[in-house]
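Computed from a predicted model, the values in this text were never measured in an experiment. Numbers for residues simply follow the sequence, beginning at 1.
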Amino acid sequence: MKNVILASPFQCRMWNLHDRIDCHINEKTCKAEIDSMAKHGQLVPTLGRPLHRDPNYKIELIFGARRLFVARHLNKPILVDLREISDQEAIAAMDIENRHRKDLSVYERGLSYARWLREGHFRSQEEIARSLKLSASQVSRMLKIAQLPAAVTGAFDSPLDLCESWALCLVEALEDPHRRQATLREAREIGNINPRPAAAEVYRRLLAASAKGRKVAKKSHDEVVKDSSGEPLFRIKQASRSISLVIPTEKVSHEALANIRNTLAQLLECESARATASNEHRPSKDWRHGSSSALAECSATTA
């Protein structure tokens, strides 16, 4: 049975495993909640448990960090569903609460999962998945997102702006050493801008930088591209600063060669446009310390 009480918000503290990032709970981010509580009061209680050995606080809140901030801001008592529950029960209750909320970010969820593992509340990500009735792949994705470097999350006005698809694309880019360097360089430059660009623009710039940092893997021998039956179609030859497609004359007509030329031109034009879009936001070459990357040459020849 619920035991919902009114408590002083100044006698409550948050559980150390709560899932909000404290530095992003402020008057600006909680404006809607402040207006709502001032007008309508607190509609949904937080969940808390009694503290027995803390001289400064009487209640530990499992979730409801934003509601606690708002109650303190308005100097109003806070509604608390007070229970005696274990850490494991608290984690389960917090996860159920999260599934009904749309504003909890994937980054916050990932940080929570990582902290649970680090502090020994779960022995593995598989155990988290079983406990929360999630797929192992979903937990794995959240943990990867939690490992995003501070430079990348700091490029956004708030890391809470990162949606899952954006975060996973950036994780993938950072796994490649060349793309990682380009992405982190761009993230640091964006991080020096005040105010930050909109979240979608930050993501676009980071993605453009990561694409520009992608390198073509140098092969020690020519690559022969074959058709579905295993017959050779053409050969890709790599030199230090160029790539050539060698196509036997008997394999290509004038019309096919024109199509190859047009398709290749469109692909390289798109690559050039992405690089230009990224550079438009850089004040000067000096600010970039002269960094640049050459677009690979590609030529179609007949032999």
Side-chain angles (χ1 to χ4, degrees), residues 1-122 128 131-132 142 146 150 153-154 156-162 195-196 199:
M1 181 178 293
K2 287 187 177 181
N3 179 28
V4 179
I5 66 168
L6 275 173
S8 165
F10 302 100
Q11 292 184 332
C12 301
R13 65 168 170 82
M14 292 307 303
W15 183 33
N16 67 334
L17 292 181
H18 78 92
D19 51 16
R20 290 292 189 179
I21 301 177
D22 292 331
C23 64
H24 291 285
I25 300 176
N26 52 53
E27 189 173 352
K28 178 182 175 182
T29 61
C30 294
K31 184 179 185 308
E33 290 91 336
I34 291 171
D35 294 343
S36 175
M37 189 177 288
K39 186 175 181 179
H40 305 292
Q42 183 183 341
L43 302 178
V44 180
T46 63
L47 175 64
R49 57 187 176 186
L51 288 170
H52 303 291
R53 298 182 182 84
D54 191 318
N56 300 313
Y57 300 98
K58 293 183 177 180
I59 297 173
E60 181 177 68
L61 299 184
I62 306 306
F63 54 73
R66 293 166 70 88
R67 279 165 279 183
L68 178 61
F69 173 85
V70 172
R72 288 176 174 175
H73 180 80
L74 296 174
N75 195 20
K76 287 189 172 186
I78 186 170
L79 277 173
V80 183
D81 177 8
L82 197 63
R83 309 180 197 174
E84 290 281 0
I85 55 175
S86 67
D87 283 350
Q88 288 286 338
E89 291 169 332
I91 287 173
M94 184 169 61
D95 180 67
I96 292 171
E97 163 81 358
N98 290 345
R99 296 182 193 216
H100 295 286
R101 289 154 57 190
K102 296 181 179 178
D103 62 335
L104 186 70
S105 72
V106 293
Y107 185 64
E108 287 174 307
R109 288 175 63 193
L111 290 179
S112 288
Y113 295 174
R115 188 163 60 245
W116 299 346
L117 288 173
R118 187 170 59 250
E119 297 186 6
H121 298 282
F122 294 92
I128 292 177
S131 176
L132 302 186
M142 296 303 104
T153 58
F156 293 85
D157 187 50
S158 166
L160 313 189
D161 294 334
L162 272 165
R196 301 280 199 282

Student: Does a side chain donor of either S158 or D161 reach within less than 3.5 Å of an acceptor in the other side chain?
Tutor: no
Student: Can you tell me how far the NZ atom of K76 sits from the CZ atom of R67, to the nearest 0.5 Å?
Tutor: 15.5 Å
Student: Quick check: do I59 and Q11 have side-chain heavy atoms less than 4.5 Å from each other?
Tutor: no
Student: With distance as the sole test, does R83 use its side chain to make a donor-acceptor pair with the main-chain N or O of A90 at under 3.5 Å?
Tutor: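 Looks like no, no N/O pair under 3.5 Å.
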Student: Of the non-hydrogen atoms in L68 and P9, which two are nearest, and what is the gap between them?
Tutor: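 That would be CD1-O, 3.4 Å.
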Student: Going by an N to O cut-off under 4.0 Å, is there a salt bridge joining E60 and R13?
Tutor: yes
Student: Kindly check if the number of other-residue, nucleotide or ligand heavy atoms within 6.0 Å of NZ (K58) is above 12?
Tutor: no
Student: Which heavy-atom pair separates I91 from H121 by the least distance, and what is that distance?
Tutor: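 Closest approach of I91 to H121, heavy atoms only: CD1-CB, 4.1 Å.
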Student: Could you walk me through whether I85 and I62 pass the side-chain contact (heavy atoms from CB on, under 4.5 Å) check?
Tutor: CA-CA 10 Å; I85 55 175; I62 306 306; 4.0 Å; yes
Student: What pair of heavy atoms forms the shortest contact from W15 to M94, and how long is it?
Tutor: CZ3-CE, 4.0 Å
Student: Is a donor on one side and an acceptor on the other found under 3.5 Å between the side chain of S131 and the backbone of I128?
Tutor: no
Student: Between R66 and E108, is the closest basic N to carboxylate O distance under 4.0 Å?
Tutor: no
Student: Using a 4.5 Å cut-off on heavy atoms from C-beta on, say whether the side chain of H18 contacts that of L61.
Tutor: no
Student: Can you give me the closest heavy-atom contact between I25 and C30, atom names plus distance?
Tutor: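 It is CG2-SG, 3.8 Å.
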Student: Once rounded to the nearest 0.5 Å, what's the spacing between atom CG of L17 and atom CG of L111?
Tutor: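 If we round to the nearest 0.5 Å, L17:CG and L111:CG are 12.5 Å apart.
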Student: How about N16 and E119: do any of their side-chain heavy atoms sit closer than 4.5 Å?
Tutor: yes
Student: Please check if the side chain of Q88 supplies one atom and the backbone of F122 the other of a donor-acceptor pair under 3.5 Å.
Tutor: no
Student: Hey, can you pull the donor-acceptor pairs under 3.5 Å for the side chains in residues 39-48, sequence neighbours left out?
Tutor:
unit_1 : atom_1 : unit_2 : atom_2 : d
Q42    : OE1    : L79    : N      : 2.8
Q42    : NE2    : V44    : O      : 2.9
Q42    : NE2    : L79    : O      : 3.1
T46    : OG1    : L79    : O      : 3.2

Student: Please work out which of the three classes, parallel, tilted or perpendicular, describes the rings of W116 and Y113, given edges at 30° and 60°.
Tutor: tilted
Student: Is the shortest side-chain heavy-atom distance between E84 and P50 below 4.5 Å?
Tutor: yes
Student: Are side-chain heavy atoms of F69 and E33 found at a separation under 4.5 Å?
Tutor: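 No. Closest side-chain heavy atoms not under 4.5 Å.
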Student: Could you pull out the closest heavy-atom pair between C12 and A7, with the gap in Å?
Tutor: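 Heavy atoms of C12 and A7 come nearest at SG-CB, 4.2 Å.
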